[in-house]
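Accompanying notes for the structure given below.
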Amino acid sequence: MADPHRIYRWFLRLYPARFREEYGTPLERQFVDEYREIQGARPRARFWIGAVTDLAISIPTEILHELSQDVGYAVRVYRRRPLSTGLALMALALAIGATTGVFSVVNALLIRSLPFRDPQRLVELQGFRLGTPGAAGFTPGEAARRI
Amino acid sequence: MAKIKRSSVEALLPLPLPVFHMLLGLSEGERHGYALKREILQRTGGKLNLGSGALYGSINKMLEQGLIEESEERPDSHLDDERRRYYRITALGRRVAQAEAVRLRQLVRLAEDSLGLPEPA
């Protein structure tokens, strides 16, 4: 059977780095202490269910907590520097606008299909003389058959 | 170390039950996380069994709010485990716990007036 301590340590890696650095060691220590006190397969299974449930609740809670702290910090920093924030937003808006414009052109010219029925059957014939293959490499008779 | 963000007493009420129990435990002296958990378990007759993640999540938040702080003092070396961290209640933490107790007392009085609570057995 796998070492329970190692399994629990693996789960701890799912916590945000800051929380793990701060509390990883006491969490591990507490797990070892509690696990050692429990004897028997059933109580240990119950203990594992409790530990995994606790992790399943507390890991997302800590991730959200850190995320909200980071967002709050970013908002505070940007609010203190309105000029650079405005410039960054303007650059972002221009970049998004330019990308959208280029994509619209590429989409209309290259990606979207032509406004005809069965556009894959459309061919272009040009500059050929009777008896010699034309630009498409067909004689007129071959070209007519292929169409 | 967690950043400390001082908060006003009123803004922190009502306290989550585990936080109130942890403040009560720490008001009697410094404790490490596991000792707090065991004390709460005993105090509530086994009804409030905090998981390790919930326990240290609450400790982290309480440190940020300035309700508790990490203690530098350690027990005797033969009793100590260097990996353990000890915490103590701050003056703000004590005021918040008192305010929460007053809030709960008012709530119980209200319930008593409305429902007429039976005497404890």
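The chains referred to below are lettered A, B, ... by the order of the sequence lines, with proteins before strands, and numbering in each begins at 1.
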Residue pair A:V77, A:R81: steps toward the side-chain contact (heavy atoms from CB on, under 4.5 Å) verdict: CA-CA 7 Å; A:V77 167; A:R81 297 171 187 164; 3.9 Å; yes

Ring centroid separation A:F47 to A:F31 under 6.0 Å: yes

Contact check, side chains of A:F19 and A:E21, non-hydrogen atoms, under 4.5 Å: no

Side chain, backbone, both or neither of A:F11 within contact of chain B (heavy atoms, under 4.5 Å): neither

Shared hydrophobic cluster for B:L13 and B:I68 (ILVMFWY, side-chain gaps under 4.5 Å): yes

Ionic contact status for B:E64 with B:K61, cut-off 4.0 Å: no

Per-residue contacts, residues 27-44 of chain B versus chain A, heavy atoms under 4.5 Å: B:G33, B:Y34, B:K37, B:R38

Toward chain B: residues of residues 50-59 of chain A with heavy atoms under 4.5 Å: A:D54, A:S58

Check: A:I63 and A:L14 side chains under 4.5 Å, non-hydrogen atoms: no

B:E72 atom CD: more than 12 heavy-atom contacts under 6.0 Å: no

Flag side-chain contact, heavy atom, 4.5 Å: B:R95 against B:E100: no

Any donor-acceptor pair under 3.5 Å from A:R20 side chain to A:R13 backbone: yes

Test item: B:S114 side-chain N/O and B:A111 main-chain N/O as donor-acceptor pair under 3.5 Å: no

Positions in residues 49-56 of chain B that reach chain A, provided some heavy atom is under 4.5 Å away: B:G51, B:S52, B:G53, B:A54, B:L55, B:Y56

A:D33 bridged to A:R29 by N-O distance under 4.0 Å: yes

Contact residues of residues 14-22 of chain B (partner chain A; heavy-atom separation under 4.5 angstrom): none

Path from B:V108 to B:L110 over hydrophobic side-chain contacts below 4.5 Å: no

